[in-house]
Amino acid sequence: MSKTDPKEIIRALLLVADVPLTLRRIEQLLGDDRALSSRQIREAIMQLQREMDGSSVELVEVASGYRLQVRKEMAPWVSRLWDDKPQKYSRALLETLALICYRQPLTRGDIEEIRGVTLSANILKTLFEREWVREVGHREGPGRPALLATTRQFLDDLNLRSLEDLPPLPELTDPEKLEAALVRLAPKDQVMDIHLQLAAESQ
Amino acid sequence: MSKTDPKEIIRALLLVADVPLTLRRIEQLLGDDRALSSRQIREAIMQLQREMDGSSVELVEVASGYRLQVRKEMAPWVSRLWDDKPQKYSRALLETLALICYRQPLTRGDIEEIRGVTLSANILKTLFEREWVREVGHREGPGRPALLATTRQFLDDLNLRSLEDLPPLPELTDPEKLEAALVRLAPKDQVMDIHLQLAAESQ
Amino acid sequence: MTDAVPTAEEARAIAQVAGQPYSELPQDLYIPPDALEVFLETFEGPLDLLLYLIRRQNLDILDIPVALITQQYLEYIRLMDQMRFDLAAEYLVMAAWLAEIKSRVLLPKPPSEEGEDASDPRAELVRRLQAYAEVQQAAVNLDELPRMHRDVFPARAEPMQFDAPKAPPPELRELLVAFSELLQRAELLSSHKITAEPLSVRERMSRVIDRLSELKQAQLLDLWEVGEGRKGLLVTFLATLELVRNGLLQLHQDAPYAAITIRLAGAGQA
């Protein structure tokens, strides 16, 4: 047994664990008997990753650690395993999530102000239920509204290691058109600013 | 996508399915678009098996079909996954279980109505797997939804003689009474701990 | 990406396919009253509508006949008895805001105080539209990220040759605290969704159903478990009543004073 390849042990651990495993945890699980350095473990992981190239599985690192997952190219077949379709989220929910994601921490009121509509209680409930969003505190002031932020679960579920992995704040898909309209709308002295801003963003 | 190797699709299916898959089912899941004969599928399976030689996973056929499993040589490491770390139950699961406990017999729809969110299939699955919850009948009406109730196993696992041991509903909303009930319910040797803890906290 | 969020345009196409009377693209902020319902569902709100108008129609949103629209929105309020008043109100606020901006742009600027920049009211509108356009795009991008259980799936293999020990059950404390919090939340929603019956009755309700699935029909005394004494009988009786009240059981009595037979609701029809 002493000769068992650490790479294979890691594969087994990742296949059986039902949560992602951190480097530290893998180190622990490998046990003292085979004191491997983090570097050696990382190498074994990379070796596994290379081995899986071209297969339907991938070893990825997300916020809470390493996990094995079936690649998204397989979704058409794999999703046939269940009767129910994966949940599709409404635009309202996705916009709310995007706001929490990019502007956290922020309050429900902030979200409503930016979106220009009342936020339905269901949306927040769903986000809490998915454990994608949590309260991280309260803003001082009238009513001490709760401050919302995303969770590690959110990062895990969207295949991200950290918030920094998020796509940069969006480049608009139709900047010219919007720009033209907004420029027309904006007072003269602001036009320059907008031009500059859009130019900067598009780089 | 049309060129995806059937072997890789089968690998993906076996990795994601939570029950063994029969040859027939695999055939079905592969879809009409790639009408493969059973022989071809069996060949792909054998190819997968050969590939896994020497790895920590094996593809085996059991009574109910094919499945992937971690080889038993991995037991020393894999079993460590469960040694420490008590599993953390999600809030949704705890609430659902408590609701079934206090409001039995009730349907999934009842739970969703009270909690105000859709109940994920996983939660019920876990509760059934642990044999904490069972179906006791059906409610007449559209869809004849199943009525859920707690089991003897649930009482045993939570060290209760009967549900009557649990604090009545009204006590639950009063933090002080809840605390008192918890102290009352704690196994004898824990009561001291709690007393000490409370004493320590109140200082 | 086929799973991308439907844009307002796509959503409307669906409405058209579904044969909604409303098939015209909105030309401005005016919404035909009979289309209001569809409309409120199609757009996420007034900012969404404004962005749509700017993008699709190239409309100068400050060039709209504000007086006319205001009048029309006021008419909706009269029309809307049980419709989604709050949503329409948001459109109304927006129309009013546009009207205000327009009027301020038209009026000669008051002499500005020293150093104070009498800011152009349009700047705020532009800022908000831009911020919202960004959010919309961010939402689409977010939806395109590979998502667990939709695009990618956890890869698992059974550790079957040896027993995976089961995780310990939750602590009673954990369970009760979670429930107590749920109760407090549910109380806010409705005061009578959760009523208090003694748990012994609740537990018995499940057992009565269980027994009846076995026996098909029974009399009250059959459901009473010997050795439980009078309290047991009372609990069984209360459980049966509660089940009847919930429509889960049916009572039959062939003649006055005859024994009452208890069955599961619907069982007799099979």
Side-chain angles (χ1 to χ4, degrees), chain A residues 12 14-18 56-58 60 67-72 74-75 78-79 81 86-99 101-102 113-118 156-160 166-167 169-174 177-178 180-182 184-190 194 197, chain C residues 3 5-8 11 44-48 50-51 53-56 58-62 86-87 90 93-94 105 117 119-123 125-159 164:
Chain A
L14 291 175
L15 278 173
V16 177
D18 40 19
S56 49
V57 202
E58 59 190 341
V60 295
R67 80 170 166 222
L68 285 173
Q69 64 188 29
V70 163
R71 290 178 202 271
K72 76 166 192 259
M74 296 292 135
V78 166
S79 52
L81 281 167
Q87 188 166 1
K88 244 182 122 158
Y89 294 112
S90 65
R91 282 175 66 206
L93 182 137
L94 289 166
E95 288 177 11
T96 304
L97 184 58
L99 269 171
C101 192
Y102 284 95
E113 199 196 305
I114 297 169
R115 297 190 58 241
V117 278
T118 326
D156 285 349
D157 281 351
L158 273 82
N159 264 280
L160 302 166
L166 276 174
L169 245 186
E171 286 172 30
L172 299 172
T173 45
D174 57 348
K177 207 164 194 179
L178 192 63
L182 291 176
R184 202 148 28 95
L185 199 56
K188 294 281 171 295
D189 53 337
Q190 281 225 334
I194 290 174
Q197 205 185 323
Chain C
D3 272 317
V5 204
T7 60
E44 283 300 322
L47 285 173
D48 190 24
L50 289 186
L51 277 175
L53 292 172
I54 286 173
R55 287 178 158 154
R56 294 289 134 170
N58 252 334
L59 182 79
D60 188 338
I61 52 178
L62 286 183
D86 49 337
L87 272 183
E90 283 156 353
V93 167
M94 186 60 61
V105 171
D117 183 21
S119 63
D120 191 303
R122 285 171 295 185
L125 177 61
V126 170
R127 189 191 62 76
R128 285 193 66 179
L129 284 171
Q130 258 181 328
Y132 186 59
E134 252 178 29
V135 173
Q136 283 189 326
Q137 189 64 43
V140 172
N141 295 352
L142 210 54
D143 197 40
E144 282 174 0
L145 287 177
R147 189 187 303 158
M148 195 39 114
H149 300 294
R150 184 192 68 182
D151 307 304
V152 295
F153 305 85
R156 304 255 298 132
E158 288 300 316

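Below, chains carry the letters A, B, ... as their sequence lines are ordered, and counting in each starts from 1.
Ranked by heavy-atom pairs under 4.5 Å with chain A, the first of Pro146(C), Ala131(C), Pro154(C) is Pro146(C). No other option in Ser56(A), Ser79(A), Ala17(A) has as many heavy-atom pairs under 4.5 Å with chain C as Ala17(A). Counting heavy-atom pairs closer than 4.5 Å to chain A, the top residue among Arg127(C), Met148(C), His149(C) is Met148(C).
Here the side chains of Pro167(A) and Leu142(C) are not in contact, with every heavy-atom distance at 4.5 Å or above. Residues Leu47(C) and Arg115(A) form no side-chain contact, since every pair of their non-hydrogen atoms from C-beta on lies 4.5 Å or further apart. Taking the side chain as every heavy atom from C-beta outward, Phe153(C) and Met74(A) never approach each other to under 4.5 Å.
Interface remark: Leu93(A) contributes no atoms to any contact with chain C (heavy atom separation under 4.5 Å). Within the 4.5 angstrom heavy-atom criterion, no atom of Ala12(A) approaches chain C. With a 4.5 Å cut-off on non-hydrogen atoms, Arg67(A) touches chain C through its side chain but not through its backbone. Contact of Glu58(A) with chain C is made through the side chain alone, with heavy-atom distances under 4.5 Å.
Using a distance-only test at 3.5 Å, with no hydrogens or angles considered, no donor-acceptor pair links the side chain of Asp143(C) to the main chain of Ala139(C).
Residues Tyr89(A) and Leu94(A) come closest through the heavy atom pair O-CD1, 3.8 Å. For Ala98(A) against Val135(C), the heavy-atom pair with the smallest separation is CB-O, 4.3 Å.
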